[in-house]
Amino acid sequence: MKIETVQKWVASVILFHVGSVPAVSLAVYSIGFAAHDRGRGIGLWLMSGVIGLATIAGMRLIHRRNPLSWWLIFGILPTVITGFWMF
């Protein structure tokens, strides 16, 4: 295996961890904030979606693929799941 391939995968895994932890955390925290302050909860909820989308798009760009693909669904998955409790 080429060293460039390994570097791409290592960078992707690091980006996935760095991006998914805040996305999931914000999505979960948005449920609690929405109970007291609806606007703040929705803001956190939307930010979790943006961070998730940026994370998946960044991973696609690391591998020199088109960032617009159906894989972006996984970026908004925490937002979609917590939307059930938000609304």
Side-chain angles (χ1 to χ4, degrees):
M1 184 176 281
K2 293 181 181 179
I3 190 72
E4 295 169 358
T5 305
V6 174
Q7 289 173 339
K8 286 179 184 179
W9 279 104
V10 169
S12 293
V13 168
I14 291 170
L15 178 63
F16 178 75
H17 180 70
V18 168
S20 65
V21 169
V24 171
S25 298
L26 286 174
V28 172
Y29 286 141
S30 68
I31 297 169
F33 278 111
H36 303 291
D37 187 4
R38 189 86 171 147
R40 184 182 293 177
I42 291 174
L44 291 174
W45 183 70
L46 290 174
M47 284 179 10
S48 73
V50 170
I51 291 171
L53 287 174
T55 300
I56 299 299
M59 289 173 63
R60 301 264 310 155
L61 287 173
I62 287 172
H63 290 278
R64 296 184 183 172
R65 307 284 174 130
N66 186 6
L68 300 176
S69 72
W70 64 274
W71 284 99
L72 292 177
I73 293 171
F74 291 108
I76 60 168
L77 196 60
T79 307
V80 170
I81 291 171
T82 56
F84 175 75
W85 285 281
M86 291 284 294
F87 302 105

Spacing of Ile81 atom CD1 and Met86 atom CE [to the nearest 0.5 Å]
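Here the interatomic distance stands at 14.5 Å.
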Would Phe84 and Phe74 show up in the same hydrophobic cluster when neighbours are defined by side-chain heavy atoms closer than 4.5 Å?
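They do share one cluster, since a chain of ILVMFWY contacts under 4.5 Å joins Phe84 to Phe74.
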Within a reach of under 6.0 Å around CZ of Arg38, are more than 12 heavy atoms found that belong to other residues, nucleotides or ligands?
yes
Shared hydrophobic cluster for Phe16 and Trp70 (ILVMFWY, side-chain gaps under 4.5 Å)
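The answer is yes; both residues are in one hydrophobic cluster.
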So CH2 of Trp45 and OG1 of Thr79: to nearest 0.5 Å the spacing works out to 7.0 Å
Decide whether Leu53 and Ile51 are clustered together by the hydrophobic rule: side chain heavy atoms of Ile, Leu, Val, Met, Phe, Trp, Tyr closer than 4.5 Å, transitively.
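No, Leu53 and Ile51 fall in different hydrophobic clusters.
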Should Leu72 and Val80 be regarded as members of a common hydrophobic cluster, given that ILVMFWY residues are connected when their side-chain heavy atoms come within less than 4.5 Å of each other, either directly or indirectly?
yes
Taking side-chain contact (heavy atoms from CB on, under 4.5 Å) as the criterion, tell me which of Val28, Val24, Leu26 meets it with Ser48.
Leu26
Other ILVMFWY residues reachable from Val21 by side-chain steps of under 4.5 Å:
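Joined to Val21, directly or through intermediates: none.
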d(Phe33 CZ, Leu44 CG) to nearest 0.5 Å is 6.0 Å
Just wondering, do Asn66 and Trp71 contact through their side chains at under 4.5 Å, heavy atoms?
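No, too far: nothing below the 4.5 Å cut-off.
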Could you give me the CA-CA distance, side-chain angles and deciding distance for Phe87 and Ile42, then say whether side chain to side chain contact (heavy atoms under 4.5 Å, CB included) is met?
CA-CA 10 Å; Phe87 302 105; Ile42 291 174; 4.2 Å; yes
First locate atom CG of Leu15, then atom NE2 of His17, and finally report the distance between them rounded to the nearest 0.5 Å.
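Result: 11.0 Å between the selected atoms.
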Please name the pair of heavy atoms, one in Pro78 and one in Ala23, separated by the smallest distance, quoted to 0.1 Å.
CB-O, 4.4 Å
Kindly give the heavy-atom pair with the smallest separation between Ser30 and Gly41, and that separation in Å.
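Smallest heavy-atom distance, with atoms named: CB-O, 3.2 Å.
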Considering non-hydrogen atoms only, spot the tightest contact between Ile62 and Ser12 and give its length.
CG2-OG, 3.8 Å
Identify whether Met47 and Ile56 are in the same connected component of the hydrophobic contact network (ILVMFWY, side-chain heavy atoms under 4.5 Å).
no
Using only atom types and a distance under 3.5 Å, with no angle test, would you say the side chain of Ser25 pairs donor to acceptor with the backbone of Pro22?
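Looks like no, no N/O pair under 3.5 Å.
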Cluster membership besides Ile3, Ile/Leu/Val/Met/Phe/Trp/Tyr side chains within less than 4.5 angstrom, sorted by chain and number, is none
